[in-house]
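So that the names make sense, note that chain A is the first sequence line, chain B the second, and so on, each numbered from 1. Since the structure is predicted, the reported quantities are computational estimates derived from the model, not experimental observations.
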Number of protein chains: 2
Amino acid sequence: MTDSSLFALLNEIGIIEQLARTRFERGQPDGLRLPQFTVLNHLVRLGDGRGPAQLARAFQVGKPTMTHTLQRLEERGFIRLDPDPADARGKRVMLTEAGRARRDAAVRWINDDLAPVATHLGMAPAAALPALAALREALDQARDSATPG
Amino acid sequence: MTDSSLFALLNEIGIIEQLARTRFERGQPDGLRLPQFTVLNHLVRLGDGRGPAQLARAFQVGKPTMTHTLQRLEERGFIRLDPDPADARGKRVMLTEAGRARRDAAVRWINDDLAPVATHLGMAPAAALPALAALREALDQARDSATPG
DNA sequence: TGCCTTAAGTTCAATATTGAACCATCTATC
DNA sequence: GATAGATGGTTCAATATTGAACTTAAGGCA
């Protein structure tokens with residue numbers, strides 16, 4: 001066996017991610033980057049009030065990277081960083097109205113941009129969604145147990 | 001409608017890509033990065049002899065980025081950069097035996113590492129593969145036509 | 001209380017990626 | 001042939017990401 005189908009799948013995923021990322025970033029008029037949008041989207045969908053460290057873990061990203069991304073979002077007025085009343089070390093990432101609006105606009109842009117592709121592909125993406133969700137969950141579970149190189 | 005299923009799919013893809021990338025890079029004993037592996041894999045699968053600019057286009061990456069990645073691969077002895085006899089400006093990226101061996105080892109590592117996940121998921125990934133290939137192709141076709149922000 | 005370990009967040013140095021600018025060479029058209 | 005425009009590849013400055021180290025504060029336990 002040369003390639004497992006899982007390897008082939010990850011291959012496709014890597015290419016698609018790269019295509020989608022550059023497409024998204026080139027399309028934003030204000031230079032909103034994909035990590036920034038991803039954080040906004042996360043806050044809208046899962047709620048705000050969590051701290052940077054928790055977000056960093058959720059996105060599998062270093063704490064300094066999250067600090068940086070949050071600074072950019074705060075500069076743009078899309079989030080507030082409130083002190084955590086329960087923990088003097090901690091901060092709470094709060095979505096602002098502008099942040100919610102910017103996220104919604106980005107989602108609209110994505111849907112508009114993808115509309116031709118979506119009609120061309122039909123229901124195939126919806127059919128593939130459960131498999132990918134299962135894969136994502138499995139990889140997420142397996143985070144700690146990696147094969148030694 | 002808030003999220004199209006295509007948007008949801010890209011969401012999953014982004015998370016999976018991030019998980020798979022860090023998992024791969026943490027697992028390599030010699031610090032081989034994912035872009036370096038991806039280029040090696042490309043050379044094995046599609047053949048060598050192409051130039052850096054062509055590779056940069058294939059990976060949707062800037063020419064300087066490809067120059068950098070190829071420099072790393074050449075330092076490691078995994079590729080050679082020969083002059084293009086047909087074009088004095090050009091170079092030809094040639095895979096070495098060490099490069100092929102390193103790629104094969106990485107593929108083996110991936111398959112080993114993914115084996116538990118693969119058995120857990122069963123045939124679902126294979127079933128999702130055609131849909132992703134179609135999506136990849138559609139995005140690739142649509143590269144030039146982006147929605148204005 | 002006092003001490004030790006752990007977690008939150010930032011700073012810092014090193015590396016990666018990008019867009020713009022640049023030189024050398026090829027190609028098309030006159 | 002000559003010249004204008006396009007292409008291959010690199011250098012450079014700016015920004016992003018990372019791991020290590022550091023500061024501050026919680027939490028556990030004697």
Check the phosphate of [N] against [X], side-chain N and O only, distance under 4.0 Å to OP1 or OP2. Yes or no?
{"X": "A:Arg72", "N": "D:dA16", "answer": "yes"}
{"X": "A:Arg26", "N": "C:dG19", "answer": "yes"}
{"X": "A:Lys91", "N": "C:dT10", "answer": "yes"}
{"X": "B:Thr67", "N": "D:dT10", "answer": "yes"}

* 5'-most contact on DNA chain C: B:Ala88 or B:His68, nearest heavy atom basis? -> B:His68
* Exam field: side chain A:Asp48 to backbone A:Leu95, donor-acceptor pair closer than 3.5 Å ->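 Checking the backbone N and O of A:Leu95 against the side chain of A:Asp48, a donor-acceptor pair under 3.5 Å is found.
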* Asked: Hey, is the main chain of B:Pro35 close enough, under 3.5 Å, to the side chain of B:Thr69 for a donor-acceptor pair?
  ->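 Side chain of B:Thr69 to backbone of B:Pro35, a donor-acceptor pair under 3.5 Å: no, none is there.
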* Side-chain donor-acceptor pair present, B:Arg33, B:Gln28, cut-off under 3.5 Å ->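 Absent: no donor and acceptor within the cut-off.
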Atom-to-atom span, [atom1] of [X] to [atom2] of [N] - whole angstrom:
{"X": "B:Leu55", "N": "D:dT7", "atom1": "CG", "atom2": "P", "answer": "17 Å"}
{"X": "A:Arg92", "N": "C:dG9", "atom1": "CZ", "atom2": "C1'", "answer": "16 Å"}
{"X": "B:Lys63", "N": "D:dA6", "atom1": "NZ", "atom2": "P", "answer": "14 Å"}
{"X": "B:Phe59", "N": "C:dT17", "atom1": "CZ", "atom2": "P", "answer": "13 Å"}
{"X": "A:Gln54", "N": "C:dA8", "atom1": "CD", "atom2": "P", "answer": "8 Å"}
{"X": "A:Asp84", "N": "C:dA7", "atom1": "CG", "atom2": "P", "answer": "16 Å"}
{"X": "B:Phe24", "N": "D:dT18", "atom1": "CZ", "atom2": "C1'", "answer": "17 Å"}
{"X": "A:Met66", "N": "D:dT17", "atom1": "CE", "atom2": "P", "answer": "10 Å"}

* Most 5' of A:Ala86 and A:Thr69 on DNA chain D, judged by nearest nucleotide -> A:Thr69
* Structure fact -> Whichever of A:Arg33 and B:Asp87 has the more 5' nearest nucleotide on DNA chain D, that residue is B:Asp87
* Asked: Among the nucleotides C:dA8, C:dT11, D:dT11, which one has an atom lying closest to any side-chain atom of A:Ala53?
  ->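 The listed nucleotide nearest to A:Ala53's side chain is C:dA8.
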* For the pair B:Asp30 and B:Arg102, find out whether any cationic side-chain nitrogen is under 4.0 Å from an anionic carboxylate oxygen. => yes
* Asked: Which part of the nucleic acid, if any, lies within contact of A:Pro64, taking any heavy atom under 4.0 Å across all strands shown: a base, the sugar-phosphate backbone alone, or nothing?
  ->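 Since a base atom lies under 4.0 Å of A:Pro64, the category is base.
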* Would you classify B:Arg57 as touching base, sugar-phosphate or nothing, given that sugar-phosphate means primed atoms plus P, OP1 and OP2, and contacts are heavy atoms under 4.0 Å? => sugar-phosphate
* Kindly indicate whether the side chain of A:Arg89 and the base of D:dA26 share any N or O donor-acceptor pair separated by less than 3.5 Å? =>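 Donor-acceptor pair under 3.5 Å: no.
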* Asked: Residues two or more places apart in sequence or in another chain: which of them pass salt bridge (charged side-chain N to carboxylate O under 4.0 Å, His left out) with A:Arg57?
  -> none
